Structures are given as C-alpha cells and as structure tokens.
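Below: the structure, in structure tokens.
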Amino acid sequence: MGDLIKLNDGKEAPVVAFGTEQVPSETIPQVLKEALDAGYRHIDTAYSYGNEKAIGDVLRQYFSAGTLTRDDVFVATKLWVTFLGKDDVRGAVEESLSRLQLAHVDLLLIHAPFGFKNRGDGNLFPLDEHKNFELENYDLIETWKALEKLVSEGKIRSLGVSNFNSVQTDLINFVATVKPVLNQVECHAYLPQKELQDFCHKRHVLLQAFAPLGSPGRPEHMVTEGEPVLLEETVLKTIGEKYGKTPAQVLIRNLIQRGIMVVAQGVTHSRIKENFQVFDFNLSAEDMANIDLLRCDHRFFTFHHMAGSHPQYPFQIPF
C-alpha cells in the first residue's frame, strides 16, 4: 500500500492515490484492477468524473472475493460545483455513495470553491446561450456545515477541499467543527505551491498534488501551444539515471519527500506500476534543490474559461 500519512483528525491515508479523472467507465475495470494489484490502496474519484459506478463494481468484486476488505481501501470522491447549495449537498453525496456501493467514503472534497448553477436537470456543465458557463455564488460555509452533518451520520469519514486558495481555506477552517484534512491542488516542479503548503501546514492541513507530472495526458483542448513539458526536463532525467528511475518517479518522490500526498494517474500497465514504485529510494538534498530550480509557477489548469469571472475564482491572489 506504500507509505501512510496521518491526517489532522487522527486517521491515516496512503500517501499515493490512484487518480481516475481521465479514466472513462469502460476502462475502469482493467486499469483499477491493475492499480489494486500493483498495491494502490487509495482511490481518487469525483462525482463529475462519471466513473464512480464502475469503481464501485470493481471494489465490490474484490470485497466479495475476500481479496480486500473495505478497511483496506481508502476511497475519496468530490462534491461537484453544481451541488454546493446547502440543500443539494446530501443528495449529491448519497448519489456518490450509491454508485460507489459504499456505506461511507473515507474522504469527501469540495471539488472547487466556485459554483455552477444547478438547473435540476443533471447538467454538470451548464452553458448559457453565449456558450458561457452559468455561474452561481454559493455560501461555502453553509456547504461545509451540510457536509459536517454527513460526517456525524457516518457517511463521510474525513472532509477536505480542492482548488482552494489560502483565503478560501481559512474561510472554512475558521468556522469548521470538522476541520479540513487536506487541500488538493495542482502541484508539481513547475508549480511547487510552497507558499500554500507553508500556509496550510500552519493550519495542520495537508497538501495533495494533482497533475504531479504536469498532466501529459490531458485532453488536447487543454494544451496551450508552446507550453513547457515537465517530463522532458534534463535535470529529471539526470537525477533518475542515478537511481535507475524515470523522470515521473523522480517527480512523485520529490513531492512525497516534501510531505505532500500525490494523486498519480496512469492508464497503461507500465505507467500504473511505475508511478507506485517510488518507495525504494530517496532523493538527496542536492537533488531536491536542483528540482526546486525548475519552478516557473506555470499552471496547466487555470479553470479561467470556466470560472474566471466568478467571485470565488481561486487564482486571483498569489496563493
């Protein structure tokens, strides 16, 4: 299962999660089985990924066969931004639980601080007549309080946030009875998030990295011409050669040694295994310092086209 990391509520979670954002339902049976067989015990999904049912089917097979028990697997999902209204929270979470075929999730994250309008028709990405996203400004404190009720009922074990900046994290942290255990954000050598990590650390909130490799597999429409390619950086290849490791493994190890949880994604057998083989070596202080030099604060996921004009758009401040 790899190394465990302690959350501020006393629970533990595997430091490396298997990410499923770009894994469609029809592919889940193959890749999730490979991930579980490779040793992953932390599964990261979301309401909006559309693959919770397929994940639940695979987990049920493993539980029924006795290969794994429910306690062996840490399952995280996310509350989508059309359901941030306090009256929509319960229904959305219970839908996720039903699809996952679980009595509880180990971790539930608010997917992002900005909201979309809930039309009531199941449309997760509502557009107006001008093809702009229909935005809604929800009270995130009320959202959090609704989630806390589900914690008290045993349907959620731990709560967290995703794509929140420091101000938004504090907004929740100051009022929370159930404190957020982590903030999942884009984080890699180009965008190391050191200031946000330091800020969260003072509040006992862990940072969790998505796109730790610079998201080389993201859809074409999300790729900007001339963007740097993290995995092609010479320094990562040089460091990897010292340990018999790939640039991807070096990047994941770098984050782990910084005390950051990692969501590693892969759809091929080799990449799934490779991303998990990061517990048998340690980067030196010199290696870590050389990786630090790659910082350019380049963000691959700006969400600007989705919510750049939203009052809760998170990237209007440095961190």
Side-chain angles (χ1 to χ4, degrees), residues 1-21 40-46 73-79 104-113 140 143-144 147-148 151 156-213 251-265 275-276 278-279 282-283 288 291-292 295 299 301 314-315 318-319:
M1 94 165 24
D3 291 355
L4 296 173
I5 193 165
K6 183 161 278 192
L7 308 177
N8 65 25
D9 59 6
K11 300 178 180 68
E12 290 184 323
V15 68
V16 175
F18 182 68
T20 64
E21 180 185 6
Y40 291 85
R41 294 294 181 266
H42 182 164
I43 310 302
D44 179 87
T45 185
V73 186
F74 188 96
V75 181
T77 192
K78 306 177 190 72
L79 178 71
H104 73 271
V105 287
D106 299 280
L107 175 64
L108 191 291
L109 308 179
I110 296 179
H111 206 139
L140 294 173
T143 308
W144 193 262
L147 288 169
E148 288 183 329
V151 173
I156 300 169
R157 292 282 173 89
S158 299
L159 286 174
V161 296
S162 181
N163 299 302
F164 275 47
N165 62 32
S166 57
V167 173
Q168 293 160 340
T169 303
D170 255 0
L171 175 74
I172 300 299
N173 205 49
F174 282 149
V175 302
T177 301
V178 179
K179 299 292 186 181
V181 297
L182 62 82
N183 185 4
Q184 185 186 113
V185 296
E186 178 182 350
C187 183
H188 43 72
Y190 286 157
L191 185 70
Q193 299 276 20
K194 292 202 170 186
E195 293 80 8
L196 183 60
Q197 184 185 14
D198 289 345
F199 172 88
C200 287
H201 179 72
K202 291 173 184 174
R203 286 144 180 82
H204 309 289
V205 176
L206 287 168
L207 218 60
Q208 185 179 41
F210 74 78
L213 312 181
L251 286 167
I252 293 170
R253 186 69 211 173
N254 168 254
L255 292 169
I256 292 172
Q257 288 185 212
R258 288 181 54 207
I260 294 173
M261 301 174 77
V262 179
V263 179
Q265 191 157 292
N275 287 346
F276 200 69
V278 292
F279 300 104
N282 285 289
L283 298 172
M288 297 288 284
I291 294 170
D292 284 347
R295 176 174 181 169
R299 193 181 292 276
F301 296 88
F315 309 136
F319 66 92

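FYI, the numbering just counts along the sequence from 1. Worth saying up front: this structure is predicted, and the values here are computed from it rather than measured.
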> From Leu207 CG over to Gln197 CD, what is the distance, rounded to the nearest 0.5 angstrom?
Replying inline: 5.5 Å
>> I'd like to check Arg157 versus Val105 (side-chain heavy atoms, cut-off strictly below 4.5 Å). Are they in contact?
In response: no
> Which heavy-atom pair separates Leu107 from Gly160 by the least distance, and what is that distance?
Replying inline: CD1-N, 4.0 Å
> Taking NZ, NE, NH1 and NH2 as the nitrogens, is one of them in Arg41 or Glu12 under 4.0 Å from a carboxylate oxygen of the other?
Replying inline: no
> To the nearest 0.5 Å, how far apart are NZ in Lys11 and OG in Ser158?
Replying inline: 4.5 Å
> Quick one: CG on Asp198 to OG on Ser166, what's the gap to the nearest 0.5 Å?
Replying inline: 11.5 Å
> Do Trp144 side-chain atoms and Thr177 backbone N/O form a donor-acceptor pair below 3.5 Å?
Replying inline: no
> So, Arg203 and Asp170, do they make that salt bridge, N to O below 4.0 Å?
Replying inline: yes
>> Between Arg299 and Glu186, is there a side-chain heavy-atom distance shorter than 4.5 Å?
In response: yes
> Considering all heavy atoms of both residues, which atom of His42 and which atom of Ala76 are nearest to each other, and what is their separation?
Replying inline: NE2-CB, 4.2 Å
> Going through the distances and angles, do Ile172 and Phe164 end up as a side chain to side chain contact (heavy atoms under 4.5 Å, CB included)?
Replying inline: CA-CA 10 Å; Ile172 300 299; Phe164 275 47; 4.0 Å; yes
> Would you find a donor on one side and an acceptor on the other, under 3.5 Å apart, between the side chain of Asp3 and the backbone of Pro14?
Replying inline: no
>> Using side-chain heavy atoms (C-beta onward) and a distance below 4.5 Å, is Ile252 in contact with Ile256?
In response: yes
> Just wondering, do Cys200 and Leu206 contact through their side chains at under 4.5 Å, heavy atoms?
Replying inline: no
>> What's the separation between atom CG in Leu7 and atom CG in Leu159, rounded to the nearest 0.5 Å?
In response: 11.5 Å
>> Minimum heavy-atom separation for Asn8 and Pro180, please, with both atom names.
In response: ND2-O, 2.9 Å
>> side chain to side chain contact (heavy atoms under 4.5 Å, CB included) for Arg258 and Leu255? Distances and angles first, verdict last.
In response: CA-CA 5 Å; Arg258 288 181 54 207; Leu255 292 169; 3.9 Å; yes
> How many angstroms lie between atom CD1 of Ile43 and atom OG1 of Thr77, to the nearest 0.5 angstrom?
Replying inline: 12.0 Å
> Is there side-chain contact between Leu251 and Pro212, with heavy atoms separated by less than 4.5 Å?
Replying inline: no
> What do the steps show when you test Val205 against Phe199 for side chain to side chain contact (heavy atoms under 4.5 Å, CB included), and what is the final call?
Replying inline: CA-CA 9 Å; Val205 176; Phe199 172 88; over 6 Å; no
>> Tell me whether the rings of Phe276 and Tyr40 are parallel (<30°), tilted (30 to 60°) or perpendicular (>60°).
In response: tilted
> For the side chain of His104 and the backbone of Ile156, is there at least one donor-acceptor N/O pair under 3.5 Å apart?
Replying inline: no
> Can you name the nearest heavy-atom pair linking Asn183 to Val185, along with the distance?
Replying inline: OD1-CG1, 3.4 Å
> Pick from Gln265, Gln184, Gln208: which one makes a side chain to side chain donor-acceptor pair (under 3.5 Å) with Asp44?
Replying inline: Gln184
> Do Glu21 side-chain atoms and Thr45 backbone N/O form a donor-acceptor pair below 3.5 Å?
Replying inline: no
>> Does Lys6, at its NZ atom, have more than 12 non-hydrogen atoms belonging to other residues, nucleotides or ligands within less than 6.0 Å?
In response: no
>> How close do Asn282 and Arg253 get, counting heavy atoms only, and between which atoms?
In response: OD1-NH2, 2.8 Å
> Minimum heavy-atom separation for Pro314 to Gln168, with atom names?
Replying inline: CB-OE1, 3.5 Å
> For the atom pair CD (Gln257) and CG (Asn254), what is the distance rounded to the nearest 0.5 Å?
Replying inline: 7.5 Å
>> Can you confirm whether Pro318 sits close enough to Glu195 that some side-chain heavy atom of one is under 4.5 Å from a side-chain heavy atom of the other?
In response: no
> Quick one: does Leu109's side chain get under 4.5 Å of Leu79's, heavy atoms only?
Replying inline: no
> Where do Asp292 and Lys194 land on the side chain to side chain contact (heavy atoms under 4.5 Å, CB included) test, with the steps shown first?
Replying inline: CA-CA 10 Å; Asp292 284 347; Lys194 292 202 170 186; 3.0 Å; yes
> If we only count heavy atoms from C-beta on, is the Phe319 to Asn165 side-chain gap below 4.5 Å?
Replying inline: no
>> Is the distance between the ring centroids of Phe301 and Phe210 under 6.0 Å?
In response: yes
